S.K.: 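Quick one: this structure, given as structure tokens, is what I'll be asking you about.
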2 protein chains.
Amino acid sequence: MTAQPNLDFTISTAPQVYDWLRDVILRCELPPGARLSEIEIGKRIGVSRQPVREAFIRLASDGLAEIRPQRGTYISAISVSAVLSARLIREAVESDLVRMIAADADAALIARLDHELDRQREAVARGDTDGFVRLDDDFHYAIAQAAGQETVWGVLEGLKSQMNRLRYITVRAFDAQKLIDQHAAIVEGLRARDPGRAEQAMRLHLREVLNDLPELSRSHPEFFKP
Amino acid sequence: MTAQPNLDFTISTAPQVYDWLRDVILRCELPPGARLSEIEIGKRIGVSRQPVREAFIRLASDGLAEIRPQRGTYISAISVSAVLSARLIREAVESDLVRMIAADADAALIARLDHELDRQREAVARGDTDGFVRLDDDFHYAIAQAAGQETVWGVLEGLKSQMNRLRYITVRAFDAQKLIDQHAAIVEGLRARDPGRAEQAMRLHLREVLNDLPELSRSHPEFFKP
DNA sequence: TACTGCATACTTGCATACTAGTAAATACAA
DNA sequence: TTGTATTTACTAGTATGCAAGTATGCAGTA
């Protein structure tokens with residue numbers, strides 16, 4: 001973790017420090033359990049303790065950091081129960097969303113989703129893992145948008161933060177082709193205007209993480225907590 | 001808003017200030033749009049700006065306050081889209097939970113929920129509105145608990161914060177009897193071990209707020225934002 | 001009366017000094 | 001060598017001072 005944020009001193013620095021640290025944590029450049037220091041980070045980016053401290057407070061309220069008074073601040077371990085909760089909530093919500101739009105899925109929507117599938121295949125073909133992760137998000141956002149529920153997607157994004165770190169400590173490269181096939185199954189359900197089929201495809205897709213989580217938490221117990 | 005928090009100076013004051021202000025805001029003792037001041041609140045409870053400021057930062061990241069640099073800090077207006085999103089998420093998640101437990105709802109669970117219904121009827125009989133609100137939460141928590149998803153309920157509680165304020169600006173007293181009947185319908189679905197019936201009863205119940213929201217936002221436009 | 005410009009009194013953002021609590025290294029004794 | 005007391009370095013929590021942006025009221029002008 002040597003990189004620095006690009007600070008714009010014409011606007012408040014504390015939120016910029018927060019955005020930077022959040023990104024660093026979610027990418028596991030600072031691994032769970034790593035120690036943070038107000039002074040050390042302040043020195044590195046050229047500000048006092050105060051803005052760094054305010055960033056820590058927000059990270060702690062997100063569950064991404066843990067402030068132990070008079071002891072130190074640490075990157076939170078990944079909470080297995082938080083991951084499972086976020087997954088369950090995603091499944092419940094996104095299966096409802098896909099059901100809502102299935103009945104009158106028009107050609108424009110199907111074309112949009114088919115296009116997203118093409119982009120996903122291209123990313124996998126050129127081995128662009130980070131790009132695929134972004135496109136995966138784009139696909140799910142497109143469905144929320146079609147349901148007119150962009151705000152709901154915003155809430156889900158917040159919940160996903162714990163799950164995000166999982167991708168970076170995966171033992172083996174995750175099977176992007178499998179995920180694309182599952183996306184395609186969802187689109188097929190929509191193309192057929194079959195709510196039940198689209199819903200089941202979505203549920204199956206969002207249960208995928210359940211396959212990897214036990215193995216992950218076994219092989220990296222130091223990164224997890226109950 | 002004349003009350004003061006009971007500060008325990010053996011532990012950090014900033015989180016106590018946060019808890020107190022959050023409670024005050026959610027009970028609408030400080031209405032949406034009201035102005036907060038670091039100095040003024042600090043003086044009132046006998047601490048400096050710093051702990052108050054840290055409380056403001058957390059409230060802002062919860063969406064309950066809005067910090068306008070060099071201008072002031074204000075209680076956030078109730079976001080209609082946030083309320084609608086929280087409602088949609090609740091419906092999706094809780095209908096899934098009730099479906100999960102319907103198939104093997106045992107006598108102990110039914111007895112527990114029947115008991116909750118009795119307590120709700122008692123609260124209404126003695127006109128204890130605040131008590132009923134708490135019991136309403138207890139009922140839904142009991143269902144989450146039966147599904148082994150206490151953590152999920154914790155997440156939902158965070159989302160509900162925007163909805164909480166609605167209860168306190170209701171034009172007319174809300175129809176507690178109607179809500180109890182809806183709760184009872186959910187229990188009937190569980191007693192019959194009928195997942196579909198229990199789910200539909202839960203969905204109907206959680207759509208109730210949709211009836212009041214338009215009227216509320218029309219009659220108190222100053223408390224709402226899109 | 002209506003408008004402009006400025007003085008003034010606020011606000012939050014940031015830096016810094018100080019306090020108190022923790023933990024680890026060290027000195028010392030058995 | 002082992003166990004204990006003490007010192008020391010470090011942490012976050014709080015208070016406070018200063019800087020810079022904003023709103024407001026008032027004086028002066030047309």
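As the structure is a prediction and not an experimental result, all values here were calculated from the model. Chain identifiers are assigned alphabetically (A, B, ...) following the order of the sequence lines, protein sequences preceding nucleic acid strands; residue numbering begins at 1 within each chain.
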S.K.: Produce the list of close N/O pairs, under 3.5 Å, pairing protein atoms with atoms of nucleotides 11-13 of chain C; give distances to one decimal.
M.R.:
unit_1  : atom_1 : unit_2   : atom_2 : d
dT11(C) : OP1    : Ser37(B) : OG     : 3.4
dT12(C) : OP1    : Thr73(B) : OG1    : 3.3
dT12(C) : O4'    : Gln70(B) : N      : 3.3
dT12(C) : O2     : Gln70(B) : NE2    : 2.6
dG13(C) : OP2    : Arg53(B) : NH1    : 2.2
dG13(C) : OP2    : Arg53(B) : NH2    : 2.7
dG13(C) : N7     : Arg49(B) : NH2    : 3.2
dG13(C) : O6     : Arg49(B) : NH1    : 3.0

S.K.: Within the 3.5 Å criterion, strictly below it, is a donor on Gln50(B) or Glu38(B) matched to an acceptor on the partner's side chain?
M.R.: no
S.K.: Please enumerate all residues that pass ring pair (Phe, Tyr, Trp, His ring centres under 6.0 Å) together with Phe139(B), with sequence neighbours excluded.
M.R.: His183(B)
S.K.: Taking the side chain as every heavy atom from C-beta outward, state whether Ile45(A) and Thr13(A) have any pair of such atoms under 4.5 Å apart.
M.R.: no
S.K.: Using atom CD of Gln50(A) as one end and atom P of dT16(D) as the other, report the distance to the nearest whole Å.
M.R.: 15 Å
S.K.: Atom CZ of Phe9(A) to atom C1' of dA19(D): distance rounded to whole Å?
M.R.: 15 Å
S.K.: Under a 3.5 Å cutoff, is there a donor and acceptor pairing between the side chains of Gln182(B) and Arg207(B)?
M.R.: no
S.K.: Sequence neighbours excluded and cut-off under 3.5 Å, please list the side-chain donor-acceptor pairs for residues 61-73 of chain A, or say none.
M.R.:
unit_1   : atom_1 : unit_2   : atom_2 : d
Ser61(A) : OG     : Arg58(A) : O      : 3.2
Asp62(A) : OD2    : Tyr18(A) : OH     : 2.3

